[in-house]
> 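This structure is in structure tokens; I'll ask about it shortly.
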Amino acid sequence: MDLANITNYLIEEKLMRPLRDFYNINPVAEYYRFKRRMMESPFEYHAVLMGNKHVMTFDGRIYDLASKCSVLLAKDFVHSTFTVVLNQETSGSRSLYVEMNQTVFDLYPGLKMYKVYNLSLAEESCQSLDFDLSLEKNGLIARKEANKIEVSSQSGVSVSCDFHHDLCTITLSGWHHGVSAGLFGTNDNEAGNEWMLSNHSHSSSIKEFIRSWQVTSQCSHVQKKVKACPITVKQKFCKMFFQEARSLLRNCFKVVDPEPFYAMCSQDSCGSSELKAACNLAAAFVHLCNRNFVPLDIPPQCV
């Protein structure tokens, strides 16, 4: 019996398990993980708003934005070089308020851009920015093409929105280290202080953290309803994108963790027959992968 057990152990643990582990290794994914470690830079900060539901902070924390309020996403509290606010109206419409160099851009999902300049002089000029047009003013560059808008400053602040996939991002250069706070967290490479409140204390819950950065008083916190959700066709796409070994996104699984995206996808797709939510999250995942030196395309089901 001892000899049989030893033989089984040797075959299973020393031969079969290493072979199975080797078979499951994706060499391309391992290569990109190594490449990311070699090329990543600590001198740039990036945060993402996925729809008005999910946030990825500067330090990579992901949470649900369960609020119908207008909220402060990011603000330079040291030099006041930028402010980014998610405006959510009671009618359900929303926009992204971006302020840089005394210039304001209101970005709407309807692909209109209105500019307001010289805030200190109370001068106002509102206009719609036409398609495929660039605007340069007050040291800012605004570009619009197809479904995307990007506003950037010479000081290294960039805000962009892809309205087709409901995705907005902010990127800060290393010159802005540690100056930003809000629902995008603090950009100081310290995950431990990511949930800082507006009074500089640390929050005890996500709900408290979100409420601290509200900029309107007439709003409400959305209670998350937990209910049974049947497996829909769309949720099968969630699994296809973020869990299956043959996923077209698999080469990035060692660089960007797909599990939070699968959880968000399953939640967003519950009760819906469309692929919109799954494709939006796939687009966000692809965006983060491309930023981390993993070349991926959006799945063909979403094109």
Side-chain angles (χ1 to χ4, degrees), residues 44-90 92-100 104-109 149 151 157-163 165-172 176-224 260-261 263-264 267-268 280-281 284 287-288 291:
E44 190 174 78
Y45 308 95
H46 192 69
V48 182
L49 175 66
M50 294 166 269
N52 59 347
K53 296 182 178 180
H54 311 293
V55 173
M56 173 177 278
T57 68
F58 288 117
D59 285 325
R61 299 284 189 92
I62 296 178
Y63 68 91
D64 291 340
L65 182 56
S67 174
K68 293 182 179 179
C69 313
S70 293
V71 290
L72 180 68
L73 297 177
K75 179 179 174 63
D76 178 355
F77 283 93
V78 178
H79 307 294
S80 299
T81 58
F82 62 85
T83 300
V84 182
V85 173
L86 174 63
N87 283 322
Q88 302 191 89
E89 300 177 9
T90 54
S93 63
R94 61 191 178 88
S95 64
L96 201 68
Y97 170 98
V98 180
E99 180 185 335
M100 299 182 202
V104 168
F105 294 90
D106 279 324
L107 310 182
Y108 292 86
I149 292 177
V151 180
V157 180
S158 176
V159 177
S160 65
C161 287
D162 177 349
F163 291 115
H165 294 112
D166 215 8
L167 176 70
C168 289
T169 67
I170 179 172
T171 305
L172 307 178
H176 298 281
H177 174 84
V179 304
S180 184
L183 292 185
F184 278 153
T186 53
N187 65 319
D188 57 3
N189 294 322
E190 295 290 340
N193 65 356
E194 202 72 336
W195 314 126
M196 185 179 293
L197 304 177
S198 57
N199 62 4
H200 304 291
S201 64
H202 292 277
S203 63
S204 58
S205 67
I206 292 295
K207 183 176 179 180
E208 180 188 20
F209 174 64
I210 295 172
R211 183 169 294 168
S212 171
W213 294 107
Q214 291 176 187
V215 296
T216 52
S217 57
Q218 300 299 321
C219 58
S220 60
H221 187 85
V222 179
Q223 293 294 330
K224 195 173 181 179
F261 286 85
M264 291 185 291
Q267 171 190 323
D268 292 353
N280 284 353
L281 287 167
H287 166 79
L288 291 170
R291 278 191 53 83

> Are the side chains of Asn189 and Tyr45 in contact, using a 4.5 Å heavy-atom criterion?
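In short, these two side chains touch, coming nearer than 4.5 Å.
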> Could you pull out the closest heavy-atom pair between Ala181 and Trp213, with the gap in Å?
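Here Ala181 and Trp213 meet closest at CB-CH2, 4.0 Å.
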> Return the CZ to CD1 distance between Phe261 and Ile62, rounded to the nearest 0.5 Å.
4.5 Å
> Quick check: does any side chain N or O of Gln88 sit under 3.5 Å from a backbone N or O of Cys69, one acting as donor and the other as acceptor?
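Indeed, once roles are kept as given, a pair shorter than 3.5 Å links the two residues.
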> Indicate yes or no: at least one non-hydrogen side-chain atom of Leu183 is less than 4.5 angstrom from one of Leu65.
yes
> I'd like to check the salt bridge (charged side-chain N to carboxylate O under 4.0 Å, His left out) partners of Arg61; sequence neighbours left out, ordered by chain and number.
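Once residues adjacent in sequence are excluded, Arg61 has no partner under the salt bridge (charged side-chain N to carboxylate O under 4.0 Å, His left out) criterion.
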> List for me each residue that meets side chain to side chain donor-acceptor pair (under 3.5 Å) alongside Asp166, sequence neighbours excluded, and say none if there are none.
Arg94
> Is it the case that the side chain of Asp64 and the backbone of Ala66 share a donor-acceptor pair, with hydrogens and angles ignored and the cut-off at 3.5 Å?
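No; judged by distance alone, with no hydrogens or angles, the pair does not exist.
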> How many angstroms lie between atom SG of Cys161 and atom CG of Leu96, to the nearest 0.5 angstrom?
5.0 Å
> Is the ring pair Phe58/Phe184 parallel, tilted or perpendicular, if the boundaries are 30 and 60 degrees?
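Judged by the thresholds at 30° and 60°, the geometry between Phe58 and Phe184 is perpendicular.
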> Can you name the residues that form a side chain to side chain donor-acceptor pair (under 3.5 Å) with Thr83, not counting sequence neighbours?
Lys75
> To the nearest 0.5 angstrom, please state how far the CE atom of Met56 sits from the CE atom of Met264.
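So the CE of Met56 and the CE of Met264 are separated by 7.0 Å.
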> Does any part of the side chain of Val159, heavy atoms only, come nearer than 4.5 Å to the side chain of Phe82, both counted from C-beta?
no
> Taking C-beta and beyond as the side chain, do His177 and Asp188 meet within less than 4.5 Å on heavy atoms?
yes
> Please enumerate all residues that pass side chain to side chain donor-acceptor pair (under 3.5 Å) together with Thr57, with sequence neighbours excluded.
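With neighbours one apart ignored, the set is Glu194.
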> Which residues pass the ring pair (Phe, Tyr, Trp, His ring centres under 6.0 Å) test with His165, not counting sequence neighbours?
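Ring pair (Phe, Tyr, Trp, His ring centres under 6.0 Å) list for His165, sorted by chain: empty.
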> Tell me, please, which residues at least two apart from Glu208 pass side chain to side chain contact (heavy atoms under 4.5 Å, CB included).
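Checked Glu208 against side chain to side chain contact (heavy atoms under 4.5 Å, CB included); matches are Leu197, Ser203, Ser204, Ser205.
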> So, using side chain to side chain contact (heavy atoms under 4.5 Å, CB included) as the criterion, who are the partners of Ser80 when residues are at least two apart?
none
> Before giving the answer on side chain to side chain contact (heavy atoms under 4.5 Å, CB included), spell out for His287 and Asp162 the whole-Å C-alpha distance, their side-chain angles and the decisive distance to 0.1 Å.
CA-CA 11 Å; His287 166 79; Asp162 177 349; over 6 Å; no
> A side-chain contact here means heavy atoms from C-beta on lying under 4.5 Å apart; do Leu167 and Met50 qualify?
yes
> Distance check, rounded to the nearest 0.5 Å: Asn193 atom CG versus Thr186 atom OG1?
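So the gap between those two atoms works out to 3.5 Å.
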> Say you draw a straight line from CZ of Phe77 to OG of Ser198; how long is it, rounded to the nearest 0.5 Å?
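The distance works out to 7.5 Å.
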> For residues Ser95 and Asp106, is any side-chain donor paired with an opposing acceptor at under 3.5 Å?
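No, Asp106 and Ser95 have no side-chain donor paired with an acceptor closer than 3.5 Å.
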> Quick one: pull up CD1 in Ile170 and OG in Ser180 and give me the separation to the nearest 0.5 Å.
6.0 Å
> With sequence neighbours left out, write down each residue that passes side chain to side chain donor-acceptor pair (under 3.5 Å) with Thr169, or none if nothing qualifies.
Ser160
> Just so I know, are the side chains of Phe105 and Ile149 near enough to count as touching, which here means a heavy-atom distance under 4.5 Å?
no
> Between Tyr108 and Phe163, what is the shortest heavy-atom contact and its length?
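Reported closest heavy-atom pair: O-CZ, 3.3 Å.
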> Just jot down the ring pair (Phe, Tyr, Trp, His ring centres under 6.0 Å) partners of His54, sequence neighbours excluded, or say none.
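None.
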> Are the side chain of Asn280 and the backbone N or O of Gly51 linked by a donor-acceptor pair below 3.5 Å?
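It does not hold such a pair.
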> Taking salt bridge (charged side-chain N to carboxylate O under 4.0 Å, His left out) as the definition, give me every residue that meets it alongside Asp59, ordered by chain and number, with sequence neighbours left out.
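For Asp59, no residue satisfies salt bridge (charged side-chain N to carboxylate O under 4.0 Å, His left out) once neighbours in sequence are set aside.
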